[in-house]
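Okay, so here's the structure we're looking at.
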There are 2 protein chains.
Amino acid sequence: MREGDKPTVISKQALQRLPYYIRFLRGLKEQGMRIIAAPAVAAQLGLNEVQVRKDLAAMSNSHGKPKAGFIIAELIENMEEALGYNNSDDAVLVGVGSLGRALLGYGGFAECGLNMVAAFDADPALTGGRICGKPVFPMSKLNDICSRMNIHIGVITVPAAAAQAVCDELVKAGVLAIWNFAPTHLTVPPDILVQSENMAASLALLSNHLRQRLREENL
Amino acid sequence: MREGDKPTVISKQALQRLPYYIRFLRGLKEQGMRIIAAPAVAAQLGLNEVQVRKDLAAMSNSHGKPKAGFIIAELIENMEEALGYNNSDDAVLVGVGSLGRALLGYGGFAECGLNMVAAFDADPALTGGRICGKPVFPMSKLNDICSRMNIHIGVITVPAAAAQAVCDELVKAGVLAIWNFAPTHLTVPPDILVQSENMAASLALLSNHLRQRLREENL
DNA sequence: TAGATTGTTAATCGATTAACAATC
DNA sequence: TAGATTGTTAATCGATTAACAATC
């Protein structure tokens, strides 16, 4: 990894592990620790040692010290920079049903670099006011507000049937990445990213495991 | 796939695609369609044709007809059975904060085979009543209720700091699978499944994509 | 020095995609 | 029959894990 060559490619999987590392390392730092070795991280997070070694090596600007490990504060800094936790991305949320409200009220996004600035809803009864401190606008304002505020992330928490239409509007308004909580596939232009939060998929894994466990017991 | 040999192993990835197939196929059925071919499914869901062909072949009890396709109703039935959508699993939820409430109120779990029967919280001010029709009990009742009702799935929506303790209690109470919404790693015995709903990980992918897109524009 | 840990190359694994014969 | 679609074997790909030399 050459100096100044920041755009090192990080694999999708590794990228998803970063938040776990960051959270764990922050905890260590608060406890006053200064140095940590990869095997200790692996043990705590239930990961393979080689994987952690590779991840840390890829993320850290400086090298780890054999027999000692990595400087915690530096690791945190490098990882946070890689994820852009420092400069938050502004986002809008569409659909202030129960899930939408829960997300608007969740304080944890700030420390993950996400800043919800406004919400939208098709129901006039829900717009005009504020929810959890965020203004709620009618859908007709979406394009105008997103363009003017230069919003790049859209969060979709509408019913499945409405999701594709909302998605199209967000893309038209200049959004580049979509966080989709509606249980449906969204079609977008090739340069737009859709990240679907996939509750039904998770449930599929859960109940499949359960069925196998219970079947085993019955043998 | 021999007849009666139901426990065919389905890959984790394929399992997660099933809910999408089911949703899409149900839509077709409602429109009155009777038969669908793999390439059409692939195009609609943005998947590879071979992948869909394999998935459908693996799920369908009967063979697809060359030149025609598969019988929609049968596919739906076979997939729903594979995921156990027919006989719901009972679950309890721990932590009735904003996210916990949103999940309790979400009606969509029923059709995914999940049935939330009760909630728990450490805060006495929140217990004793009902939220979205579900009774909310104090933590002290958790073991008793879970064992008596033979609960196998626990949903964790408490803050990260409390999650491991809650997880331990759920496992002690006989839960076999855990759906974790707290942003932290949970350590469990080897035969227990933890499925973490990984918002920070999703955000990592989103903001990474965004940064690359914006970097490209600046070149 | 001895031993734990790092960094890296090679082997393995799981899943996706390509190629193609079989079928209606 | 001709052509679209299925089912399956082989090739490819990405990521994980194993093996091992380099380092403090």
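Below, read A as the first sequence line, B as the second, and so on, with proteins coming before strands; counting in each chain starts at 1. Atoms considered below: every heavy atom in the structure, side chains included; atoms not considered: hydrogens, waters and symmetry mates.
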Q. Is the backbone of A:A82 close enough, under 3.5 Å, to the side chain of B:R211 for a donor and an acceptor to pair up by distance?
A. yes
**Q.** Rounded distance (Å) that lies between atom P of C:dT6 and atom CG of A:D55
**A.** 13 Å
Q | Expected output: side-chain A:T187 to main-chain B:G46 donor-acceptor under 3.5 Å | A | no
Q) Going 5' to 3' along nucleotides 19-24 of chain C, which nucleotides have protein heavy atoms under 4.0 Å from the base (write B), which only from the sugar-phosphate (write S), and which from neither (write -)? A) B---BB
Q. Does A:S98 reach the main-chain N or O of B:G105 with its side chain, forming a donor-acceptor pair under 3.5 Å?
A. no
Q) Does one side chain, of B:S88 or B:N115, offer a donor that lies under 3.5 Å from an acceptor on the other? A) no
Q: Using the side-chain contact (heavy atoms from CB on, under 4.5 Å) rule, take B:I35 and B:F70 through it: C-alpha gap first, then chi angles, then the decisive distance, then the call.
A: CA-CA 5 Å; B:I35 289 190; B:F70 294 80; over 6 Å; no
Q) Within this structure, what is the CD-to-C1' distance between B:Q16 and C:dG14, rounded to whole angstrom? A) 14 Å
Q: Could you tell me whether the phosphate oxygens of C:dA15, OP1 or OP2, come under 4.0 Å of any side-chain nitrogen or oxygen in B:N48?
A: no
(Q) Using a heavy-atom cut-off of 4.0 Å across all strands, would you classify B:A14 as base, sugar-phosphate, or nothing? (A) nothing
Q: May I ask you to verify if any side-chain N or O of B:R17 is less than 4.0 angstrom from the OP1 or OP2 atom of C:dA15?
A: no
Q: Could you check A:N198 against A:S202 for side-chain hydrogen bond (donor to acceptor under 3.5 Å, both in side chains), going step by step and ending with a plain yes or no?
A: CA-CA 6 Å; A:N198 220 327; A:S202 298; over 6 Å; no
Q: Using whole Å, report how far CD of B:Q51 lies from P of D:dG14.
A: 15 Å
Q.
Between P on D:dG14 and CD on B:Q13, what's the gap in Å once rounded to a whole number?
A. 15 Å
Q. Which whole-number value in Å describes the distance from B:I35 CD1 to D:dA4 C1'?
A. 14 Å
**Q.** Comparing B:F70 and A:K12 on DNA chain D - which has the more 5′ nearest nucleotide
**A.** B:F70
(Q) Ignoring hydrogens and geometry beyond distance, is the side chain of B:K54 in donor-acceptor contact with the base of D:dT6 at under 3.5 Å? (A) no
Q: Look at the side chain of B:D90 and the backbone N and O of B:I151, then say whether any donor-acceptor pair between them is shorter than 3.5 Å.
A: no
Q) A:L15 has an atom CG; how far is it from atom P of D:dA15, in whole Å? A) 11 Å
Q) Rounding to a whole Å, what distance do you find between B:E49:CD and D:dT5:P? A) 8 Å
**Q.** Within residues 162-176 of chain B or reaching into it, pairs that qualify as side-chain hydrogen bond (donor to acceptor under 3.5 Å, both in side chains) - sequence neighbours excluded
**A.** B:Q164-B:D168
**Q.** Pairing string, 5' to 3', for DNA chain D - Watson-Crick or wobble contacts under 3.5 Å, brackets [ ] where pairs cross, | to another strand
**A.** ..||||||||||||||||||||||
Q: Quick one: sort the A:Y106 and A:F109 rings into parallel, tilted or perpendicular, breaks at 30° and 60°.
A: perpendicular
